[in-house]
A.B. asks: 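Pasting a structure here, questions to come.
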There are 2 protein chains.
Amino acid sequence: MKFNIKDVAKKANVSISTVSRVINQSKPVQSKTKERVLMAIEELGYKPNAIARSLKVKHTQSIGIMVPDIANQFYPEVVRGIEDVANMYEYTIFLCNTDLDDDKELKYFSGMEEKQVDGLIFMGNILTDRLAREMKKADMPVVLIGSDHPDLPSVTIDNTLAARKAVEYLLDKGHRGVAVITGKMKDPMMGRARLKGYREALEKAGINWKSEWVVEGGYRFKSGYEGARQLMMLEERPTAIFVASDEMAIGAMRAILEKGLQIPQDIAVVGFDNIDMSGKVYPSLTTMGQPMYEMGAIGMRLLTKYLQGEIVNDNKVVLNFELTERESS
Amino acid sequence: MKFNIKDVAKKANVSISTVSRVINQSKPVQSKTKERVLMAIEELGYKPNAIARSLKVKHTQSIGIMVPDIANQFYPEVVRGIEDVANMYEYTIFLCNTDLDDDKELKYFSGMEEKQVDGLIFMGNILTDRLAREMKKADMPVVLIGSDHPDLPSVTIDNTLAARKAVEYLLDKGHRGVAVITGKMKDPMMGRARLKGYREALEKAGINWKSEWVVEGGYRFKSGYEGARQLMMLEERPTAIFVASDEMAIGAMRAILEKGLQIPQDIAVVGFDNIDMSGKVYPSLTTMGQPMYEMGAIGMRLLTKYLQGEIVNDNKVVLNFELTERESS
DNA sequence: TTGTAAGCGTTATCAA
DNA sequence: TTGATAACGCTTACAA
């Protein structure tokens with residue numbers, strides 16, 4: 001049996017407004033009547049209906065999160081960051097997996113709008129114009145995490161700088177033959193930006209670019225594995241590989257180890273992201289870390305600012321990255 | 001600017017009821033007027049307000065998911081399973097991280113009730129009586145995944161049988177010195193049940209139980225690492241370790257490798273869960289796999305049955321497990 | 001300090 | 001096939 005505010009009003013012998021007032025503490029209520037109301041609530045096991053409330057007050061205290069795939073190592077950590085600060089601000093989160101599918105993204109976004117989320121956090125490799133337009137049209141704040149767009153707030157790191165630093169680290173260790181397994185070329189951040197960083201590092205060091213030393217990967221283990229095998233078949237074998245994601249890097253390491261080669265003696269590898277597992281594999285992975293939890297937390301904090309109507313002066317926050325040196329280099 | 005059904009009614013020169021009818025296709029509408037309505041919707045960029053709808057129809061097409069920690073390797077995969085079938089049935093999901101904290105569990109559950117979720121999926125190591133009572137009281141279906149309770153539907157595997165099989169596998173390989181790193185003893189499934197399986201296997205094989213060969217772990221990498229170190233310091237060193245979770249097993253492997261020992265030649269290890277990473281580490285991990293994605297998918301499917309008022313004859317589904325043999329054994 | 005009543009954006013009943 | 005209108009459970013003027 002489900003009771004509503006009317007039931008408790010009747011039971012406590014007051015009007016529904018005073019019940020509302022004690023629930024929300026929105027206006028003073030005489031302590032005696034308040035007690036009666038509380039009693040009634042207790043006895044009936046009454047729970048306020050947030051849906052009805054939302055309809056009236058025009059906000060839901062819910063926000064949407066769109067991620068490519070929660071089962072992909074990278075995202076759970078940032079979702080956790082989001083969740084933690086969302087809870088501090090009393091928001092609960094709707095989670096959607098887009099699989100990087102444009103239609104799903106559009107559909108879910110629309111669904112979130114209909115469910116009247118107060119705001120939304122979007123993660124995805126590339127933000128289509130179509131979706132960006134929808135986001136602008138919708139009158140709810142959206143913040144991007146890990147990707148970027150001229151007229152939307154976002155939190156990111158400087159991917160090309162981070163990649164450059166990673167490669168420079170390898171160069172500083174004396175490596176001259178540094179190959180790269182990168183993200184998809186159509187992907188601005190993980191693909192092009194990180195490759196650009198690689199190229200910049202080489203240029204600055206006066207090292208020639210060898211096109212056979214750059215292989216385009218996906219993001220998963222398998223493509224790192226295959227990329228490394230391909231690289232090792234070259235007559236001039238690289239002595240180090242910079243890999244644009246940790247999961248690929250772990251795949252690359254396996255390929256190297258299977259070949260009977262030693263890491264880092266024969267080939268050093270440095271990854272990107274610093275997912276949880278990168279410190280746990282053997283050998284542990286040196287990696288250019290993104291502050292995933294912070295990206296989530298800060299992204300959500302940014303969102304709350306819009307939600308609360310605070311003025312925000314900087315809607316593009318770019319966070320620091322940090323190289324974690326481990327055994328693989 | 002946000003428009004409502006009234007706005008489109010005015011624009012299309014019809015009543016709000018006919019607008020509602022074309023949106024929901026709940027009653028025939030003359031194709032000509034339907035067209036007008038569709039035009040108006042299009043022009044205004046109207047999106048129906050699901051909150052208002054929910055208030056009226058008394059369901060929200062939302063369900064809640066409570067997990068200990070989405071950043072923990074095990075859960076994203078089952079959440080993904082849940083999500084996929086939830087979407088097939090047009091539900092969207094609220095995600096909550098409980099951190100295994102009783103108060104948070106209670107609080108979030110209450111919050112989900114207020115938000116009028118149509119149902120809820122709970123994951124947690126142990127279901128407190130307090131929470132179980134709340135679940136019974138609430139008039140919404142709840143299904144448990146990975147844990148169990150006499151009067152709640154659930155989907156699990158037979159943890160003690162699975163553990164026994166894992167240990168028997170080791171025994172069959174000729175190991176006589178099989179140690180175990182288990183879950184917390186207060187945890188019925190991952191702790192006691194899996195330890196029980198270990199014991200049963202030993203008994204059946206006529207092998208003596210050595211209390212110094214069982215160490216109680218948490219679930220994380222570190223406790224596996226430490227557990228293995230402890231085990232290796234014994235004067236009679238085990239030749240195999242059964243570890244009650246993959247993450248701990250990966251920690252155990254690292255401890256073994258660091259010690260300069262070989263896996264599986266010196267010590268074999270088999271884990272539990274078959275998380276994604278267990279096939280990617282080096283050496284790859286033999287593990288007793290839980291069908292995580294399926295547990296999620298089937299759990300959600302079970303929930304939809306309650307949601308749709310289907311009669312369900314078996315509210316305790318126990319799934320098959322499967323040993324995946326890899327390099328660590 | 002308390003109560004009455006309008007209204008939030010829908011759906012659904014009833015009548016036309 | 002369409003339109004008026006009550007109702008869903010709440011908050012919030014406004015009045016008492």
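Values reported hereafter were calculated over all heavy atoms of this structure, with side chains retained and with hydrogens, waters and symmetry mates removed. In what follows, chains carry the letters A, B, and so on, assigned in the order in which the sequence lines appear, proteins first and then strands, with residues in each chain numbered from 1.
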A.B. asks: Would the number of heavy atoms belonging to other residues, nucleotides or ligands and lying under 6.0 Å from NZ of B/K104 be above 12?
C.D. replies: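 It does: B/K104 NZ has more than 12 such atoms within range.
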A.B. asks: Could you name each residue pair satisfying side-chain hydrogen bond (donor to acceptor under 3.5 Å, both in side chains) that touches residues 138-157 of chain B, not counting sequence neighbours?
C.D. replies: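 Checked against side-chain hydrogen bond (donor to acceptor under 3.5 Å, both in side chains) - neighbours excluded - the pairs reaching residues 138-157 of chain B are B/D148-B/S154, B/D148-B/K316, B/H149-B/D151.
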A.B. asks: Assess, by modelled atom type and distance only, whether the side chains of B/K115 and A/T92 contain a donor and an acceptor separated by less than 3.5 Å.
C.D. replies: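 A pair is found: one side chain offers a donor N or O, the other an acceptor, under 3.5 Å apart.
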A.B. asks: My understanding is that only residues two or more places apart in sequence, or in another chain, count here; which of them pass side-chain hydrogen bond (donor to acceptor under 3.5 Å, both in side chains) with A/N87?
C.D. replies: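 B/Y108.
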A.B. asks: Is the CD atom of B/Q25 crowded by more than 12 outside heavy atoms at less than 6.0 Å?
C.D. replies: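 Atom CD in B/Q25 is not crowded, with 12 or fewer foreign heavy atoms closer than 6.0 Å.
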A.B. asks: Starting at atom NZ of A/K6, determine the distance to atom C1' of C/dA5, rounded to an integer number of angstrom.
C.D. replies: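 Taking NZ of A/K6 and C1' of C/dA5, I get 12 Å after rounding.
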A.B. asks: Scan residues 109-117 of chain B against DNA chain D and write down, sorted by residue number, each residue with any heavy atom closer than 4.0 Å; if none is found, say none.
C.D. replies: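 Nucleic-acid contacts, sorted: none.
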A.B. asks: Using the C1' atoms of the five pairs at each end, what is the angle between the end axes of the helix from C/dT1-D/dA16 to C/dA16-D/dT1, to 10°?
C.D. replies: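 Inter-axis angle at the termini of the helix from C/dT1-D/dA16 to C/dA16-D/dT1: 40°.
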A.B. asks: What pairs with A/N24 under side-chain hydrogen bond (donor to acceptor under 3.5 Å, both in side chains), at least two apart in sequence or on another chain?
C.D. replies: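 Testing A/N24 for side-chain hydrogen bond (donor to acceptor under 3.5 Å, both in side chains), a comparison that skips the adjacent residues, returns A/S20.
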A.B. asks: Between A/I63 and A/M300, what is the shortest heavy-atom contact and its length?
C.D. replies: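 Shortest heavy-atom separation between A/I63 and A/M300 comes out as CD1-SD, 3.6 Å.
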A.B. asks: Heavy-atom count check: over 12 atoms from other residues, nucleotides or ligands less than 6.0 Å from A/Q308 CD?
C.D. replies: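 More than 12 heavy atoms, drawn from other residues, nucleotides or ligands, come within 6.0 Å of this atom.
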A.B. asks: Around atom CD of B/E90, are there more than 12 heavy atoms from other residues, nucleotides or ligands closer than 6.0 Å?
C.D. replies: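 12 or below, so no.
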A.B. asks: With sequence neighbours left out, which residue pairs that include part of residues 3-18 of chain A fulfil the side-chain hydrogen bond (donor to acceptor under 3.5 Å, both in side chains) condition?
C.D. replies: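 Passing the test, one end in residues 3-18 of chain A: A/K11-A/E43, A/S15-A/S17.
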A.B. asks: For the pair made of CG in B/N4 and P in C/dT11, what is the distance, rounded to whole Å?
C.D. replies: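 About 12 Å, once rounded to whole Å.
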A.B. asks: Under a criterion of less than 4.0 angstrom to any heavy atom of chain B, what are the 5'-terminal and 3'-terminal contacting nucleotides of DNA chain D?
C.D. replies: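 Contact boundaries, 5' end first: D/dT1 to D/dG9.
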A.B. asks: Hey, could you give me each pair passing side-chain hydrogen bond (donor to acceptor under 3.5 Å, both in side chains) that has a residue in residues 291-302 of chain B? Not counting sequence neighbours.
C.D. replies: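 The answer is B/D84-B/Y293, B/Y89-B/R301, B/R301-B/T304.
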A.B. asks: Only pairs at least two apart or in different chains count here, so list each ring pair (Phe, Tyr, Trp, His ring centres under 6.0 Å) that has a residue in residues 33-80 of chain A.
C.D. replies: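 Listed by first then second residue: nothing to list.
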A.B. asks: Could you identify which residues of residues 10-19 of chain A place a heavy atom less than 4.0 Å from some atom of DNA chain D, listed by residue number, or say none?
C.D. replies: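 DNA chain D contact set from residues 10-19 of chain A: A/I16, A/S17.
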A.B. asks: Can you check salt bridge (Lys or Arg N to Asp or Glu O under 4.0 Å) on A/D102 and A/R130, steps first, answer last?
C.D. replies: CA-CA 9 Å; A/D102 297 353; A/R130 183 78 202 288; over 6 Å; no
A.B. asks: Whole angstrom is fine here: how far is it from CG in A/L55 over to C1' in C/dT11?
C.D. replies: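 Distance, rounded to whole Å: 13 Å.
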A.B. asks: By a strict heavy-atom criterion of less than 4.0 Å, which residues belonging to residues 23-47 of chain B are in contact with DNA chain D?
C.D. replies: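 When residues 23-47 of chain B is checked for heavy atoms under 4.0 Å from DNA chain D, the hits, listed by number, are B/P28, B/V29, B/Q30, B/T33.
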A.B. asks: Can a salt bridge be assigned to the pair B/E134 and B/K137 using a cut-off of 4.0 Å between side-chain N and carboxylate O?
C.D. replies: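 Salt bridge between B/E134 and B/K137, a charged N being under 4.0 Å from a carboxylate O: yes.
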A.B. asks: Taking atom P of C/dT10 as reference, at what distance in whole Å does atom CD1 of A/I51 sit?
C.D. replies: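 Rounded to whole Å, this separation is 14 Å.
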A.B. asks: Please state how far atom NZ in B/K56 lies from atom P in C/dC8, giving the value in whole angstrom units.
C.D. replies: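 Interatomic distance, NZ of B/K56 to P of C/dC8: 16 Å.
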A.B. asks: Counting heavy atoms from C-beta on, name the nucleotide in C/dA6, C/dG9, C/dT10 closest to the side chain of B/I5.
C.D. replies: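 Nearest to the side chain of B/I5 among the choices is C/dT10.
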A.B. asks: What's A/K58 touching, base or sugar-phosphate or nothing? Going by heavy atoms closer than 4.0 Å.
C.D. replies: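 Touches sugar-phosphate only.
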A.B. asks: Test of understanding: with side-chain hydrogen bond (donor to acceptor under 3.5 Å, both in side chains), list the residues that count as partners of A/E113, not counting sequence neighbours.
C.D. replies: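 side-chain hydrogen bond (donor to acceptor under 3.5 Å, both in side chains) check on A/E113 returns B/K47.
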A.B. asks: Does a donor on one side chain sit under 3.5 Å from an acceptor on the other, for A/D187 and A/Y219?
C.D. replies: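 Note: A/D187 and A/Y219 side chains meet the donor-acceptor criterion.
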